[in-house]
Number of protein chains: 2
Amino acid sequence: MAARLDELDRKILVELQRDAGQSLDEIARRVGSSKTPVWNRVKKMREGGVIRQQTVLLDAEALGFEACFFVLIRTSEHEAEWQAAFLQALRDRPEVQEAHRLAGDIDYILKVRVRNARAYDAFYQALISEVKVHNVTALLSMEEIKSTVALPL
Amino acid sequence: MAARLDELDRKILVELQRDAGQSLDEIARRVGSSKTPVWNRVKKMREGGVIRQQTVLLDAEALGFEACFFVLIRTSEHEAEWQAAFLQALRDRPEVQEAHRLAGDIDYILKVRVRNARAYDAFYQALISEVKVHNVTALLSMEEIKSTVALPL
DNA sequence: AGTGAAAGAAGACCGCT
DNA sequence: AGCGGTCTTCTTTCACT
């Protein structure tokens with residue numbers, strides 16, 4: 001699964017992460033190459049799944065999403081059927097931005113972005129009515145100190 | 001700070017979040033408008049800071065980032081000077097993808113993406129040598145169930 | 001605030017090296 | 001795998017409604 005990329009590929013990815021809107025010529029100039037090789041490599045990395053998606057990052061607060069919670073979940077259920085239902089519930093809820101299954105005594109962590117505390121409560125009530133969880137701790141973010149999707153290539 | 005956007009603006013943002021690479025014509029068609037108004041609105045939302053950045057999402061595992069930790073931090077220090085140093089340390093470290101200051105007895109949560117467990121340890125040792133923290137708990141992700149940056153507009 | 005046209009830039013492809 | 005050229009498509013602007 002680990003793609004073999006050379007230094008030029010990595011430089012291209014750094015540029016795309018920084019600004020996916022810039023032209024091929026500009027990227028080529030910055031990485032010390034020219035248009036065609038950059039284009040061929042980008043195409044290959046898209047097809048190979050290294051580049052997954054091109055998107056925009058929005059200002060959550062400006063759009064009214066003023067609350068962000070990290071949710072720690074412990075469960076006693078570990079059967080396949082329960083897990084499938086739980087995963088599907090998370091995937092279906094758009095306010096869940098991240099969901100990870102963990103090692104250790106906490107089983108799952110979620111990042112949930114909602115308009116306000118009331119919206120979080122609605123989410124929480126809906127979730128626990130759908131699937132049985134043993135223990136839930138919600139951590140409320142007071143301040144987003146840093147947020148990036150860029151990998152440190 | 002809350003930008004006032006109409007239904008068309010929101011539809012455009014949904015499309016841009018889904019795929020920022022598509023053409024204006026295609027976006028216009030999907031949202032039921034035409035090229036110029038879409039372009040004017042996108043421009044305005046960029047200038048107004050609603051649209052922050054255009055970027056690509058990469059496959060972390062394909063690029064060798066196989067470990068992801070959520071780090072819960074408690075500290076006894078709450079002086080301004082300590083906090084400034086701590087924040088700067090987090091911002092300077094590229095493996096820290098997210099950092100939030102929390103309400104409650106846990107003070108901070110980090111999301112740290114690294115190549116392997118050893119790289120996490122190196123990060124951890126470097127961090128605690130720079131700033132004094134009272135208690136650190138690392139939660140290791142076994143599986144990324146869901147990951148999105150899209151806001152549910 | 002939306003329409004239609006028009007110029008300029010950038011993307012996508014190809015044959016050659 | 002990179003170079004240069006070409007065709008095509010999109011972006012960006014503007015005068016009009």
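Computed from a predicted structure; not experimentally measured. Convention: sequence-line order gives letters A, B, ...; per-chain numbering from 1.
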Worksheet item: Between atom CD in B:Glu26 and atom P in C:dG11, what is the gap in whole Å?
Response: 16 Å
Worksheet item: Taking 4.0 angstrom as the limit, do A:Glu7 and A:Lys11 come out as a salt bridge?
Response: no
Response to the item:
B:Leu24 atom CG is separated from D:dT12 atom P, nearest whole Å, by 7 Å
Worksheet item: Between B:Glu98 and B:Lys111, does at least one N-O distance fall below 4.0 Å, as a salt bridge requires?
Response: no
Worksheet, complete the sentence: The correct set of residues in residues 31-39 of chain A placing a heavy atom under 4.0 Å from DNA chain D is A:Ser34, A:Thr36, A:Pro37
Discussion item. Taking the basic N atoms (NZ, or NE/NH1/NH2) and the acidic carboxylate oxygens, is any pair closer than 4.0 Å for A:Glu15 and A:Arg18?
Written reply: yes
Worksheet item: In whole angstroms, how far is the C1' atom of D:dT12 from the NZ atom of B:Lys43?
Response: 9 Å
Practice prompt. Quickly work out the B:Asp6 CG to C:dA1 P distance and round it to whole Å.
Written response: 9 Å
Discussion item. I need the CG-C1' distance between A:Leu8 and D:dC3, as an integer number of Å.
Written reply: 15 Å
Item to complete: Please say whether the positively charged group of A:Arg101, taken as NZ for Lys or CZ for Arg, lies over the ring of A:Tyr108, i.e. under 6.0 angstrom from the six-membered ring centre and within 45 degrees of the axis.
Response: no
Worksheet item: In whole angstrom, what separates A:Leu5's CG from D:dA1's C1'?
Response: 16 Å
Discussion item. Check whether A:Lys146 reaches the backbone of B:Arg93 with its side chain - one donor and one acceptor, N or O, closer than 3.5 Å.
Written reply: yes
Response to the item:
Value for CG (B:Asp107) from NE2 (B:His134), rounded to nearest 0.5 Å, stands at 10.0 Å
Response to the item:
From CG of A:Asp25 across to P of C:dA12 the rounded distance in Å is 13 Å
Item to complete: Nearest whole angstrom, please: distance from the C1' of C:dT3 to the CZ of B:Arg29.
Response: 19 Å
Item to complete: Would you tell me if any nitrogen or oxygen in the side chain of A:Arg41 comes within less than 4.0 Å of OP1 or OP2 on D:dG2?
Response: yes
